[in-house]
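Scroll down for the structure; my scribbles are underneath it.
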Amino acid sequence: MEIFGQPGFAVVQGLVAGVLTGGIYALIALGIVIINKASGVFNFAHGYMMLLGALIFWTFFQNQELTPVVAFALSGALLTILSTGIRYPAAWTRSGRVAFIAAAWATVGFILLQTDNLFLRALVGTALGAALVGLLIERLTIRPLIGQPLFATVMMTLVVGEVLLGVTQLTWGSVDRSLPIFATVNALGLPQAYPPIRIRDVLGGTVVIKTELLIAFGIAVAAFVGFVLFFRYTRLGLSMRATAENADLAQAVGLRVRAVLATAWAIASVLAALAATLYSSSTALSITMPGLALRVFPAVLLGGIESISGAFVGGIVIGVAEKLGTVYFGSDVGEQLIPFVVLMIVLIVRPSGLFGEERIERV
Amino acid sequence: MRIRFLSGILVLALALMALNAAPAALAQGGMMRTECKEDLTGKTITLHTFGDLSGPFAPITQPLAAGFADAIKYYNEKGGICGAKIALQQDDTAGRQEQTQSLYQRYRAFDPKPLMLLLYSSADAELLREQVAEDQIPVFLFAGSTIGLYGEKADKPGWIFAGIPLYTDQFGAFCRWLSKAWTTELGRSGKPKIGHLSWEGAFGRSTETPETTAYCAAQGVEVVGGEYFLPTATDVTAQINNLVKKGANVLFTTSLASGTALIARDLVTLGLEDEILLSGVNWVLDSSVGLLGQATLKPDGLPSTDNIYGILPYVWWDEQTEGIKLVQEQFTANQRPLTARGIAYLAGFGAVDTYIELITRTVNRVGFAKLSGAEVKKTFENFQYEALGGVFKYNFTETVRAQNQVRIGRLTYARGADGKPVVVEAGGRKLLVPVVVPVTKEFETAPDLKPGGADVVK
Amino acid sequence: MSANIRPSGVFDTSYAQEMRINRTRFDQILSAGFLGVILALPLLSRSGPFGIDLVQPGFLGTVERIAILMIAVQGLNLLVGYTGQITLGQAAFMAVGAYGTAILMRHGVTFWFALPIAALFTGLVGLIFGLPSLRVKGFYLAMATLAAQFIIPWLLRNPLAPLTNGASPLPVPRADLFGLEISGLPLYYLLIILSLLAMIAARNIIRTRTGRAFVSIRDNDVAAELLGINVFAYKLRAFFICAIYAGLAGGLMAIEARSLSPDRFDLRNSIELLAMLIVGGTGFPQAPIFGVSLLTILRETFIPSLTPSLQEWLPRLLPFVDSVNINAAIAPIIFGAVLIAFLIIEPRGLAYRWEILKISWKIRPFSH
């Protein structure tokens with residue numbers, strides 16, 4: 001059976017691959033949108049934060065031993081994060097806070113130093129490491145520019161990207177690495193990736209679903225639901241939205257603007273690490289990673305730059321457009337032209353993106 | 001962490017020695033260096049090189065820097081160039097053309113002027129082709145760019161000499177071999193039909209030209225078309241399906257490490273690993289591909305990148321020649337990681353050896369006082385040399401500007417005496433060891449398929 | 001973001017003075033001196049007539065590229081700094097100008113015709129991608145121009161390949177004047193003069209009716225419309241002028257580099273042009289001079305000269321670093337660190353700081 005002159009199964013395959021790839025795009029877009037929601041800044045450094053995050057994951061995942069110094073530093077990061085975030089609910093008593101922080105610290109320290117489960121350790125280590133990176137970027141480069149022209153801050157994210165590139169080169173070099181996290185161990189003791197799901201006899205052929213992309217997609221969906229709820233119902237989420245709307249006003253009503261900004265960067269950095277790790281597990285951890293973030297820009301804009309659900313839909317639309325474009329017109333059209341043509345069309349039809357908020361302007 | 005890594009390398013080295021010791025006899029005689037007529041002790045001769053160390057080609061090029069460093073250290077201990085010390089001037093272009101341009105202008109203005117530039121990107125060579133000719137600086141290039149070497153119409157040999165065959169010629173040599181081996185060695189039926197599946201850009205698109213398509217057709221190999229993907233692609237199943245639909249049963253790729261690994265992986269995903277033969281230019285046999293490909297295993301338990309065919313225009317690490325032994329020794333002595341055991345390190349080492357020979361011959365001919373880029377080019381134009389005792393065979397003339405001796409190689413994994421793959425542990429990770437097996441034993445001259453070349457089908 | 005910061009005590013006594021490019025004598029002396037130094041640079045290099053080795057010959061190439069990029073950044077300044085629109089496609093517009101010039105020259109058209117024709121054509125292309133500015137603003141406009149940044153190189157690579165050599169480089173013939181080839185010193189002076197003319201032209205555009213309309217759109221486009229300014233027409237005009245500047249810069253780049261490839265005009269280059277503008281000081285006429293010079297000299301001269309010594313001591317300082325990786329890491333780190341420092345110290349750009357500096361000098365010992 002054919003759909004518009006192409007074998008039906010190939011179209012379905014393109015659709016499936018597009019949706020799954022779109023999940024990763026969406027996760028990357030989410031990180032960019034969160035920073036934009038909190039501070040109105042378009043983060044050009046996101047691709048480099050991804051690269052760094054994935055390399056941190058690789059380091060934990062690869063090496064058996066971990067020096068207590070690193071574990072201590074990461075636990076310290078956790079401490080910082082908790083002590084900024086935890087003061088929000090006024091109901092916490094002082095001793096309750098101290099006890100909670102101590103318990104969390106001990107747990108993390110134990111996991112980092114003791115566990116044999118590399119995956120768990122890498123997960124905890126990366127979450128903390130990436131959060132630390134986000135906090136450092138915010139503290140050292142973004143915060144000094146609060147109150148300055150927005151242009152300067154956008155420029156600063158570009159520059160931060162450059163520095164992160166240098167740091168990754170200095171520490172890890174630029175050799176491509178494999179990151180087999182969705183894998184079992186086979187008879188030889190080698191990691192064996194989960195086999196793909198094959199659905200036979202779909203419109204005249206076999207449709208293949210890559211397991212790791214499917215898992216990545218599931219994680220992306222979970223992250224989205226989580227963040228939609230976070231921004232709608234939690235105190236921190238709401239104060240982030242308020243800060244994005246008007247930082248001065250937010251400060252005036254007693255919101256902790258600096259803490260909100262710091263949290264947004266930490267969350268975005270963790271999301272970047274997550275997306276990058278999932279992406280690397282499906283191909284390779286390569287230094288071309290920042291280029292992936294550039295390809296996600298149309299997705300971010302398509303959905304509307306302030307919209308969480310928009311990021312999700314935008315990511316998937318771009319993913320599908322790329323793959324179906326490749327099926328119908330070949331990859332030089334599909335991957336390099338179609339996303340931008342779709343972007344232009346959306347801009348003409350709905351200038352504020354699919355889910356963006358229209359603003360009314362006054363003199 | 002470091003110690004585990006080192007022990008991993010040690011185990012690997014031992015395993016490789018054990019593998020190699022039994023069958024291979026020593027292939028060559030000693031390494032042939034021209035005798036010096038002049039003693040240059042106390043002088044310093046600089047090797048100038050720049051290229052993409054932090055851009056898209058970085059995965060391949062960084063081990064090159066390691067190769068340079070180790071080779072220069074080694075040869076300086078052995079007396080340098082007739083007693084003169086070798087120094088290294090190296091810079092990074094980050095894959096940006098404007099940076100190449102400005103670095104070149106800096107290098108051109110050095111006093112003394114560089115005797116030779118060592119480059120490793122087609123784009124850099126193509127950009128600088130006219131300028132190096134004007135400034136009389138010969139270039140030794142580790143890429144196979146037709147425009148860079150012979151100009152736009154491929155009729156003007158310039159000042160650039162390539163250490164590997166032109167990509168067009170590599171593809172032609174592969175077609176020639178494929179038509180012969182298709183039913184015999186490969187045991188396939190029907191006719192071979194090739195689809196190009198490569199990185200977007202000048203490098204990736206270099207093999208699909210009218211000349212190569214016509215040459216392959218004359219050999220009985222049909223080229224069904226090409227698909228090009230970005231280095232950041234996550235999935236090439238749609239591209240593979242497109243080519244299969246056109247009838248392709250062989251994929252030929254001009255891409256580096258992660259690009260080739262991605263294709264191999266998606267072939268396994270689609271269940272096509274037995275139907276479709278994966279092949280490519282010399283870079284696809286690199287260890288970087290063999291190591292990355294292990295993330296996906298085929299149903300038979302071997303990595304997706306097992307049995308990739310490609311062009312092998314040099315002697316590989318697994319062949320026991322004296323040159324390889326020397327490189328292996330230095331590699332181990334300098335504690336280089338397993339990821340560096342690929343073509344780039346070898347090429348870096350070979351380039352330093354070639355440079356020494358070039359300068360030695362030029363000094364012998366004109367004397368140190370008259371040493372210049374123009375004289376080095378003259379040496380280059382009549383240069384028969386086997387670098388590292390035969391690892392790289394060069395035969396440059398007035399008209400032949402690229403290395404053109406090729407074999408066909410196959411990327412596979414080391415096996416022990418029991419026939420099972422050898423598993424080593426490096427850096428806390430279990431790994432199979434990628435090896436390259438020459439499929440054709442003798443080096444053959446690759447067809448000349450630049451526009452207007454000798455083997456172009458009229 | 002005002003270009004007219006003036007200390008007390010500097011005032012205009014006539015309309016002619018108000019309209020002058022350099023309002024004060026101090027400015028005049030400085031401009032003339034700066035120009036003089038630039039023009040004298042080749043004489044002080046090894047290839048100059050006096051044979052003194054004060055200026056490295058490689059540095060002249062850097063100045064040439066600064067001159068070219070200044071034109072492109074000045075165009076960007078008119079659009080971004082004065083009209084308040086944004087574009088992420090400036091490098092793509094440069095590509096149109098560069099390829100246009102090169103293709104015309106390869107078909108026998110002399111450089112002196114090829115350059116203006118290509119620049120005008122670039123202006124028209126700029127108009128097309130300026131059309132979304134009717135409906136979208138801010139980041140969404142940025143993304144419409146981002147689409148230009150990907151669509152134009154795609155066109156160069158694929159459908160236009162018979163003219164452009166596709167992804168392979170396109171050699172560019174030499175420019176000539178009455179049969180004399182322009183290279184070396186004449187090329188240097190040609191680029192400096194054209195760049196200077198472009199700067200003066202921009203300065204003139206700003207102080208015309210059009211320029212004032214631009215500024216009013218930037219400050220508040222709704223208010224501008226109420227004042228009777230045809231906002232869309234002026235936005236399009238800004239895009240047109242911006243693209244012409246890009247086209248000019250592209251055409252000059254073609255004859256300077258003598259070889260073009262689409263990779264040279266990618267998003268990174270567009271973003272870098274914006275970076276130069278922001279570092280220079282958005283909305284100041286001198287912004288391109290400061291921004292382009294700082295970034296280009298940093299990348300082409302300063303960092304390579306630091307590299308060897310860093311390679312010596314960095315591995316000793318940080319034991320986990322493999323010396324092989326240092327070469328690739330140094331440039332981005334230094335480049336980033338210097339720019340971070342600049343941005344934190346002066347987020348409004350160097351031109352702003354320069355104005356403040358002049359004022360402080362004028363009214364010393366009182367602080368501004």
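Across every non-hydrogen atom of A:A152 and C:P347, the tightest pair is CB-O, 3.6 Å. Across every non-hydrogen atom of C:L343 and A:M155, the tightest pair is CD1-CG, 3.7 Å. Taking each heavy atom of A:V163 and C:G336 in turn, the nearest pair found is CG2-CA, 3.4 Å.
For A:M344, the part lying under 4.5 angstrom from a heavy atom of chain C is the side chain only. The part of C:I278 that comes within reach of chain A is its side chain, from C-beta onward, which places non-hydrogen atoms under 4.5 angstrom from that chain. At a 4.5 Å heavy-atom cutoff, C:L141 makes no contact with chain A through either its backbone or its side chain. For a residue to count as touching a neighbouring chain, one of its non-hydrogen atoms must lie under 4.5 Å from one of that chain's; by this rule C:I326 touches chain A with backbone and side chain alike. Proximity to chain A (any heavy atom under 4.5 Å) is shown, for C:F342, by neither the backbone nor the side chain. Looking at A:V333, both its backbone and its side chain come within 4.5 Å of chain C, counting heavy atoms on both sides. Interface residue C:A337: only backbone heavy atoms are found under 4.5 Å from chain A.
Of all the listed residues (A:P298, A:G166, A:G161, A:P144), the one sharing the greatest number of non-hydrogen pairs under 4.5 Å with chain C is A:G166. Between chain C and the residues A:V159, A:T141, A:L301, A:T153, the most heavy-atom pairs under 4.5 angstrom are made by A:L301.
By the 6.0 Å contact criterion, CZ on C:F302 is open, its count of non-hydrogen atoms from other residues, nucleotides or ligands being 12 or less.
To the nearest 0.5 Å, the span separating CG on A:L337 from CG on C:N158 amounts to 8.5 Å. Considering CD1 of C:I271 and CG of A:L294, their distance stands at 6.5 Å, rounded to 0.5 Å. The CD atom of A:Q148 lies 10.5 Å from the CD1 atom of C:I344; values are rounded to the nearest 0.5 Å. Note that CZ of A:F297 and CG of C:L88 are 8.5 Å apart. Values are rounded to the nearest 0.5 Å.
Looking only at side-chain heavy atoms (C-beta outward), C:E272 and A:L158 stay at 4.5 Å or farther from each other.
With C:I333 as the fixed residue, the side-chain contact (heavy atoms from CB on, under 4.5 Å) test singles out one of A:L170, A:L165, A:L164: A:L170.
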